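Proteins get letters first, then strands, A, B, ... in listed order; numbering begins at 1 in each. What you are looking at is a predicted structure, and each value in this text was computed from that prediction instead of being measured.
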Protein chains: 2
Amino acid sequence: MGTATIRDVAKQARVSLKTVSRVINHEGSVREETRDRVMRAIEQLDYRPDLSARSLRSAKSYAIGLVYDNPNPYYIIAVQQGALAACREMGFGLQIHPCDSSGPRLAEELRDLAHRSRLAGLVLAPPMSERMGLLRELAAFNIPLVRIISAAGDPHDGFPCVFVDDRDAAYAITAYLIQLGHVRIGFLWGGKQHRSSPERYKGYEKALEDYGVPRSDELILEGDYSFDDGFRGARRLLGLAEPPTAIFGSNDEIAAGVLAAARAAGLHVPYDLSVAGFEDSPFSRHSWPSLTTSRQRTEEIAEHAARLLIAQIHGGDVENEGFSPELVVRGSTAPPRPRP
Amino acid sequence: MGTATIRDVAKQARVSLKTVSRVINHEGSVREETRDRVMRAIEQLDYRPDLSARSLRSAKSYAIGLVYDNPNPYYIIAVQQGALAACREMGFGLQIHPCDSSGPRLAEELRDLAHRSRLAGLVLAPPMSERMGLLRELAAFNIPLVRIISAAGDPHDGFPCVFVDDRDAAYAITAYLIQLGHVRIGFLWGGKQHRSSPERYKGYEKALEDYGVPRSDELILEGDYSFDDGFRGARRLLGLAEPPTAIFGSNDEIAAGVLAAARAAGLHVPYDLSVAGFEDSPFSRHSWPSLTTSRQRTEEIAEHAARLLIAQIHGGDVENEGFSPELVVRGSTAPPRPRP
DNA sequence: GTCATATGTGACAACGTTGTCAATTTGCAT
DNA sequence: ATGCAAATTGACAACGTTGTCACATATGAC
C-alpha cells in the first residue's frame with residue numbers, strides 16, 4: 001500500500017493531523033520528541049504527501065513549467081537536465097511544454113497550462129523568451145517567469161532573466177580566427193527569430209572592426225540554425241571568386257553542414273578551410289575533425305533560471321545573472337594555407 | 001483572472017455544481033439547453049478545470065510518467081515527443097523522470113513518484129523496461145506500466161509492451177553489407193545493460209550464418225553505445241593483420257566514432273571502409289559521408305506506448321505491438337575495394 | 001387520470017492536505 | 001505555589017472537484 005495518508009500517520013503517532021503537517025513542512029513549534037514520533041510513523045507507513053491535495057489547499061504550488069520551441073535535442077535535453085536538477089533540489093516538479101512559438105494564442109495557451117496544472121511559474125527558453133509582446137501578456141496574467149535569453153549585458157527590462165553573452169563569445173571566436181591569420185572569414189547566420197543570431201553577428205562584426213579586417217558582404221549569408229543552411233551556405237561561399245579561408249557557423253549544426261560541404265568539395269579541414277561552430281554540442285566533439293566552438297554551459301544556465309524562478313515564487317528578490325561562454329579550440333581550425 | 005472555478009460557472013449558468021461537472025466530463029443526462037447554457041458560461045468566464053482538485057477527488061488521475069535513463073538526446077527527445085503527442089490527444093499530462101537505472105531503490109523511487117504526483121501509470125524506456133526484477137516490484141505496487149523494449153517477437157511475459165525487432169534490423173544491415181561483397185565485417189557491441197545489444201548482435205550473427213560467411217571473433221568487440229568505444233574499437237579493428245572491409249556499429253554514435261577513427265587512419269569511407277550505424281539519428285544524416293543505418297520510428301513507438309498505457313488505465317484490453325526498423329542506405333557503405 | 005419508468009438535476013459528503021484560531025501545556029520569574 | 005508569556009498542539013473549515021443518492025420532472029402505457 002502506497003496509500004498512507006496524513007491521517008494514518010497522525011493516528012499512528014497519536015497526534016493531530018495538523019501536527020503531522022507541521023512536521024512535514026518543517027514549521028517550527030514542534031517538540032523534538034513529538035517530531036521524532038511523527039517521523040517514525042512516517043517512516044513506518046512509508047508516507048508521502050500528496051502533491052495534488054497539498055497544492056489544492058495551499059494556494060502555493062509545487063511545480064514549474066519549462067516552455068520551449070527549439071528543434072535542437074542537445075540544447076533541450078541540457079535545459080531539461082538543468083531545470084530538473086534545481087527542481088529536485090527544491091522539491092518542485094517540472095512540467096515540460098514544447099510548443100509552437102509562432103502560435104497566435106500562445107499566451108492563453110500558457111496561462112491555461114499554468115492554471116490547469118497549478119504551475120507556480122514558467123521558465124522560458126529562446127525564442128519565446130525574447131518576444132516582448134508575449135512576456136507582457138504573461139505578466140498581465142500574473143504568471144511569474146524567468147527567461148533564458150541572449151544579451152550582451154543585463155537588459156534591466158523588468159522581466160527577470162538569465163542572459164548569455166553571445167556577442168562576446170562570437171567576438172572571441174572571430175578574434176581567434178583572425179589571430180590565426182585569417183582575413184576572409186565567412187559568417188553564416190542563425191535563425192532570425194532568435195535574438196542570439198544578431199548577437200553572434202555583432203560579435204563577429206565587432207571583432208573584424210577592432211582588428212582592422214575589412215568586412216565583406218559576400219561572405220555573410222543568412223540561414224536558420226540548420227545543417228542544410230550550413231551546407232548550402234558553405235557551398236556558395238566556396239564557389240566565390242575569392243573564397244573565405246575560414247567559416248564561422250552560428251551554431252554547431254551549421255558548422256556540421258559546412259564540414260560536409262567542405263568534404264564534398266574535396267577540401268581538407270582545417271588545412272584548406274577552418275571551420276568554427278557555436279554551442280559545444282556533442283556533435284562538435286564527435287565530428288572529424290572535431291569543431292572549434294563556444295561552450296555554453298546550458299545546463300547550468302537552465303538550473304540557475306529554475307532556481308531564480310523558485311526564489312521569485314518564494315518572494316525573494318531576484319537578480320539577473322549573466323553567463324559568458326568559453327572558447328573551445330579543437331581540430332577544425334588552423335592558420336590559413338599560404339596563398340600561392 | 002484565470003481563477004474562475006466550477007462554482008462561478010454554476011452561478012452564471014444558474015445550475016448546480018454537479019451539472020457543470022457533468023457537462024465538463026461529457027456525462028450523459030444533461031438537457032441540450034442546459035448544456036449550452038453551461039458551455040456559454042464556461043466560455044465567458046474562461047473556466048478551466050483544476051487538475052489537482054479533479055485528480056484529488058476522483059481516484060483517477062490525468063497524468064502519466066515517462067521514465068528513462070539514456071544518455072542519447074536524440075532518442076530521448078523523440079520518445080518525449082511521441083509520448084506527449086499521445087498525452088495531449090487524450091487530455092493527459094506527462095511527467096518526465098530521468099533516473100539512474102542502476103539505483104538500488106528504483107522501484108521505491110518510482111512508486112513515490114507515481115504516488116506523490118498521482119500518476120496513473122508509467123512508460124518505461126530501455127534499459128529500465130528490461131529489468132524483470134524492477135517490473136515485478138512495480139507490478140507488486142499496482143502501478144500500471146507499458147514498456148518499450150527490444151525483442152524479436154511478442155514476449156508474452158505478462159507485462160504490456162511495445163517491442164522493436166532489433167535483431168531483424170541488424171540482420172538486414174549485415175545482409176546488405178554481405179550483398180555488397182563484404183566478408184570481413186567488424187561488429188561493435190552496444191551497452192550490456194540494454195537488451196537491444198545482444199539482439200543486434202544476434203541479427204549480425206544470423207546473417208553471417210545464413211550467407212555462409214565465417215564469423216571471426218577478432219572482428220567482434222564489446223563497447224557501450226558511445227563515440228569513444230566506436231573510435232577505440234575501430235582503431236583496434238583497423239590495426240588487425242587482416243582488417244575488416246566494413247564495420248557495423250551498434251548505434252549511430254558508435255558509427256560516428258568509427259568514421260572518426262577511419263579518417264584519423266587516412267582511410268576514405270566508403271571506398272576503403274564501409275561503415276553502418278543503427279538508429280537514424282540526425283547525426284547519421286549530418287555526418288560525412290552520411291551513415292547507412294536503421295530507422296527506428298522512435299517517436300511513433302513512444303506514442304503507441306503512451307496510448308497503450310492510457311488504454312490500459314481506462315480498463316481496455318491491451319495488445320502488445322511490434323515495430324520493425326527499416327534499412328536506410330546512405331553514403332557510408334559501398335562494395336569493398338578489390339584486394340590487390 | 002394514474003402509475004411506473006426514464007431522464008434530468010441538485011444537496012451533500014468526500015478526496016488529502018494546510019490555514020486559522022483557540023485550547024492546552026510548558027517554562028520561567030516571582 | 002502562582003501568574004503570565006511563550007511554546008506547542010488540536011479542532012475545524014476550506015481548497016475545487018467528483019461520487020452517491022435522493023429528488024424533481026418528463027415520458028409512456030394502461
Is [X] close enough to [N] that one of its side-chain N or O atoms is under 4.0 Å from OP1 or OP2 there?
X	N	result
B:S52	D:dC15	no
B:Y47	D:dT17	yes
B:R31	C:dT9	yes
A:T19	D:dT9	no

Send over the distance from [X] [atom1] to [N] [atom2], rounded to a whole Å.
X	N	atom1	atom2	answer
B:R54	D:dG19	CZ	P	10 Å
B:R14	C:dT9	CZ	C1'	16 Å
B:E27	C:dT7	CD	C1'	14 Å
A:E33	C:dT25	CD	P	15 Å
A:R7	C:dT17	CZ	C1'	10 Å
A:L51	D:dT17	CG	P	19 Å
B:D8	D:dG16	CG	P	9 Å
B:K11	C:dA11	NZ	P	14 Å

At under 4.0 Å between heavy atoms, what does A:R35 touch on the DNA or RNA strands: base, sugar-phosphate, or nothing?
->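 Result for A:R35 = nothing.
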
Check every strand shown and say whether B:S55 touches a base, only sugar-phosphate, or nothing at a heavy-atom separation below 4.0 Å.
->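 B:S55: no heavy atom of the nucleic acid under 4.0 Å.
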
Give a yes or no on whether a donor-acceptor pair under 3.5 Å exists between the nucleobase atoms of C:dG19, that is its base, and the side chain of A:R22.
->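 Such a pair does not exist between side chain and base.
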
No-H, no-angle donor-acceptor pair, A:R57 side chain to C:dT18 base, under 3.5 Å =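 Side chain to base: pair present.
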
Which nucleotide sits closest to the side chain of [X]: [options]?
X	options	result
A:L56	C:dG16, D:dT17, D:dG10	C:dG16
B:V15	C:dG16, C:dT18, C:dG10	C:dG10
B:K18	C:dT9, C:dG19, C:dG10	C:dG10
A:S16	D:dG10, C:dT18, D:dT18	D:dG10

On the 0 to 90° scale, with breaks at 30° and 60°, tag the A:H314-A:F92 ring pair as parallel, tilted or perpendicular.
->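 A:H314 and A:F92: perpendicular rings.
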
With under 30° as parallel and over 60° as perpendicular, where do the rings of B:H194 and B:Y225 fit, or are they tilted in between?
->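 Perpendicular: the ring planes of B:H194 and B:Y225 meet at over 60°.
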
Between the two end axes of the helix from C:dG1-D:dC30 to C:dT30-D:dA1, each built from 5 base pairs, what angle do you get to the nearest 10°?
->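 Rounded value for the end-axis angle: 40°.
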
Any luck finding a side-chain donor-acceptor pair between B:Q193 and B:E130 under 3.5 Å?
->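 There is no such pair between these side chains.
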
Examine A:Y68 together with A:Y75 and report whether their ring centres are nearer than 6.0 Å.
->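 Here the rings of A:Y75 and A:Y68 have centres that are no less than 6.0 Å from each other.
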
Quick one: do B:E89 and B:R307 make a salt bridge, cutoff under 4.0 Å?
->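 Result for this pair is yes, salt bridge flagged.
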
First of B:S58 and B:S29 reached from the 5' end of DNA chain C, by closest nucleotide =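 Its nucleotide being nearer the 5' end, the pick is B:S29.
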
Toward the 5' end of DNA chain D, by each residue's nearest nucleotide, B:D50 or A:E32 =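 The residue whose closest nucleotide sits nearer the 5' end is A:E32.
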
Report yes or no: is the cationic atom of A:R147 (NZ for Lys, CZ for Arg) under 6.0 Å from the centre of the six-membered ring of A:F159, at an angle within 45° of the ring normal?
->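 That pair does not qualify as a cation-pi contact.
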
Taking the six-membered ring of B:F323, is NZ or CZ of B:R297 closer than 6.0 Å to its centre and within 45° of its axis?
->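 Judged by the rule, B:R297 and B:F323 form no cation-pi pair.
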
Positive for side-chain contact (heavy atoms from CB on, under 4.5 Å) with B:L138, one of B:L106, B:L110, B:V67 |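 For B:L138, the side-chain contact (heavy atoms from CB on, under 4.5 Å) check succeeds only for B:L110.
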
